[in-house]
Protein chains: 2
Amino acid sequence: MSPDLAAIGQRLKRFRAERGLSLDRVAGLCGVSKAMLGQIERGESTPTVATLWKIASGLQAPLSRFLVGESGVVHRPTSPPRHRDASGMIVTPLFAFDPVLGFEMFAIELPQGCLSESSPHAPGVIEHVVMLEGEMELFVEGAWQTLVAGEVLRFAADQPHGYRNRGPAPAKVHDLIHYPFSA
Amino acid sequence: MSPDLAAIGQRLKRFRAERGLSLDRVAGLCGVSKAMLGQIERGESTPTVATLWKIASGLQAPLSRFLVGESGVVHRPTSPPRHRDASGMIVTPLFAFDPVLGFEMFAIELPQGCLSESSPHAPGVIEHVVMLEGEMELFVEGAWQTLVAGEVLRFAADQPHGYRNRGPAPAKVHDLIHYPFSA
DNA sequence: CCGCAATGTGCGTTATAACGCACACTCAAT
DNA sequence: ATTGAGTGTGCGTTATAACGCACATTGCGG
């Protein structure tokens, strides 16, 4: 979950290298001292948003260019915690929450007979469920809906909702939780 | 173009007010002193990316919530829905692109021997691959990486990348494509 | 009216982001 | 060799981000 702040320097360095710019040149373009730019690239300093903004706008690049986390690294979520809650639901994080992207993603397995009630999330939160294996019922907006493998469902999660599996086999789903820009 | 930095504080203040949180409470949630939070809200200080990250992460909110307004969320990058392309890759849309959410999601199946090269997307686009069945190799940042079922990979898609399946069985993956805000 | 707990702000201190400048260190061309 | 322009890094100083604590204010129950 830790944002790997050194990576923003690496991305800046790479960005600069790709278009053959010197630190001096970049300093002139964006109004940040070349010593500072050097320190940022080496991870010896984490910039303020003000200076990062000067850098991004001076280089005419989106901010996300330097902020995005864990690019190009294969992640193996099996070793990190497969968490099991009281209802027996097994939750495995696939992509941890990233403030830049605004969502997180889990793999969820519901054993037979499992029932999991979920209290409302923050306003505007939207869940996306992708059914992978088995069969599941989802309580949303006052009604139970049945999903089978291959089906998907998007729903507002800022209200009471729940999952249950009354089928004969364990159910596997992916759950993507999106946290909104505006409430 | 350059949104005033004072707006960061205003958005934070509004965010906090909307869910009735005190400075003290937020300080406990995200590990930033309440004095600092107060100064940021009043525009007396512009945070470093490290602290802004702590704030956003602690509040389970995307960074863009504090960095940009809700403006400029226009993106229509999807090609017309096709099911099977030249390489034999079978693409099934799961969630269509939504400007509010900023992403779309596909289920992709690669038959044995399938090779699909992808030209760079727009700057800042990020792909998230979740391996479901079989085995796949992904070309990213100049190298091929192997993924097996259960593994995930996040990478910057604004550069050349590609998929291939040299395994004995068809490969199934989910692909989530995230389109960033443009600065 | 009186605690009293909670909230936000002011203040002194520390940590560090950011600057300007000078110091190696390359390569080219003299 | 020897300049010289262009590169990145180290250093001392200044500006300010960030902290911890104490203070003033509000709101509420006794």
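Quick note on labels: first sequence line is chain A, next is B, and so on, each numbered from 1.
- Evaluation of the salt bridge (Lys or Arg N to Asp or Glu O under 4.0 Å) rule for B:Glu44 yields B:Arg42 as partners, not counting sequence neighbours.
- The B:Arg42 side chain lies nearest to C:dT9 when the options are C:dT9, D:dG8, D:dG10.
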| said: Let's go through A:Trp144 and A:Arg164 carefully: what are the C-alpha distance in whole Å and the side-chain angles of both, what is the deciding distance for side chain to side chain contact (heavy atoms under 4.5 Å, CB included) to 0.1 Å, and is it a yes or a no? | reply: CA-CA 9 Å; A:Trp144 287 96; A:Arg164 74 177 175 201; 3.5 Å; yes
| query | Can A:Leu176 and B:Phe103 be said to form a side chain to side chain contact (heavy atoms under 4.5 Å, CB included), step by step? | reply | CA-CA 11 Å; A:Leu176 189 153; B:Phe103 69 84; 3.7 Å; yes
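- The CG-P distance, from B:Leu23 to D:dT26, rounds to 17 Å in whole Å.
- As a whole-Å value, the separation of A:Glu41 CD from D:dT7 P is 13 Å.
- Geometrically, A:Arg11 does not engage A:Phe15 in a cation-pi contact defined by less than 6.0 Å to the ring centre and at most 45° from the axis.
- Counting heavy atoms from C-beta outward, A:Arg16 and A:Leu37 have side chains that stay 4.5 Å or more apart.
- B:Lys13 places its NZ atom 8 Å from the P atom of C:dG8, with the value rounded to the nearest Å.
- Contact annotation: A:Arg16 reaches the phosphate of D:dG8 (side-chain N/O to OP1 or OP2, under 4.0 Å).
- With a 6.0 Å radius and a threshold of 12 heavy atoms from other residues, nucleotides or ligands, A:Glu18 has its CD atom above the threshold.
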Might you list the N or O atoms of the protein lying below 3.5 Å from N or O atoms in nucleotides 17-24 of chain D, with each pair's distance?
from, atom 1, to, atom 2, distance (Å)
D:dA17, OP2, B:Ser45, OG, 3.1
D:dA17, O5', B:Ser45, OG, 3.2
D:dA17, O5', B:Thr46, O, 3.4
D:dA18, OP1, B:Thr48, N, 3.3
D:dA18, OP1, B:Thr48, OG1, 2.6
D:dA18, OP1, B:Thr51, OG1, 3.0
D:dA18, OP2, B:Thr51, OG1, 3.4
D:dC19, OP2, B:Ser33, N, 2.8
D:dC19, OP2, B:Ser33, OG, 2.9

